[in-house]
Amino acid sequence: MVNTSASSLQALGVHGQKTHMDLVETVVRQACKRGAKDISMREIQQALERDHGVRLDMSSISGRVHGLVTAKRIVRGEEERKCTVTGRDIKPLSAPMVQGSLAL
C-alpha cells in the first residue's frame, strides 16, 4: 500500500511546499490587514480559492500551517471560536505582532 500523502508531498517538492507555505501566510496576513482578528484553516481554504484561484486540500493546508506556526510566522490563538465555514470550535490563526523600530 502506497502512502498517498507522502507521495503527494514528495511530488510537490521543496519549492512547491515553500510556495504553498508563503501563500497560506499571505492569506493570514491579508485577513488581518483587512480587519479580521484571526482566521481558521477552512477560511484560509476559501480565501485561497476565492482570491488566488488555488485549491488546496485540508491536509495540505494543515501541513503548511504547522510549518508556519513552528517557524513563528503565524500564531495559533488560545481562545476558541466558531469557524464561519463549518461552525465547529477552532483555535484560529493570526499574524504575529511585529514590534516597530525603537528609534531614539
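Quick note: numbers below take in every heavy atom, side chains included, and nothing from hydrogens, waters or symmetry partners.
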Flag the pair [X] / [Y] as yes when at least one side-chain heavy-atom distance between them is below 4.5 Å, and no otherwise.
X     : Y     : answer
Pro96 : Lys72 : no
Arg73 : Met21 : yes
Ile90 : Arg42 : no
Ser94 : Lys37 : no

Q. Any Lys/Arg nitrogen of Asp22 or Arg29 sitting under 4.0 Å from an Asp/Glu carboxylate oxygen of the other?
A.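 Between Arg29 and Asp22 there is no salt bridge, as every charged N stays at least 4.0 Å from the carboxylate O atoms.
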Q: Salt-bridge test for Arg34 and Glu43: reply yes if a basic N is under 4.0 Å from a carboxylate O, no otherwise.
A: no
How long is the gap from [atom1] on [X] to [atom2] on [Y], to the nearest 0.5 Å?
X     : Y     : atom1 : atom2 : result
Leu56 : His20 : CG    : NE2   : 4.5 Å
Gln45 : Ser62 : CD    : OG    : 11.5 Å
Glu79 : Asp89 : CD    : CG    : 12.5 Å
Met41 : Leu93 : CE    : CG    : 6.5 Å

Q) Applying the 4.5 Å side-chain criterion to the ILVMFWY set and letting contacts propagate, would Val65 and Leu23 be lumped into a single cluster? A) yes
Q. Val24 and side chain to side chain contact (heavy atoms under 4.5 Å, CB included): which partner among Leu48, Ile39, Val54?
A.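 That would be Leu48.
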Q: State which residue, out of Val85, Val28, Ile74, fulfils the side chain to side chain contact (heavy atoms under 4.5 Å, CB included) condition with Ile44.
A: Val28
Q. Partners of Lys91 by side chain to side chain contact (heavy atoms under 4.5 Å, CB included), sequence neighbours excluded?
A. Arg76, Glu78, Glu80
**Q.** Nearest atoms (heavy-atom pairs only) where Cys32 meets Ala95
**A.** SG-N, 3.6 Å
Q.
For His66, is the NE2 atom crowded, meaning more than 12 foreign heavy atoms sit under 6.0 Å from it?
A. no
(Q) If you count heavy atoms of other groups shown closer than 6.0 angstrom to CZ of Arg88, is the number above 12? (A) no
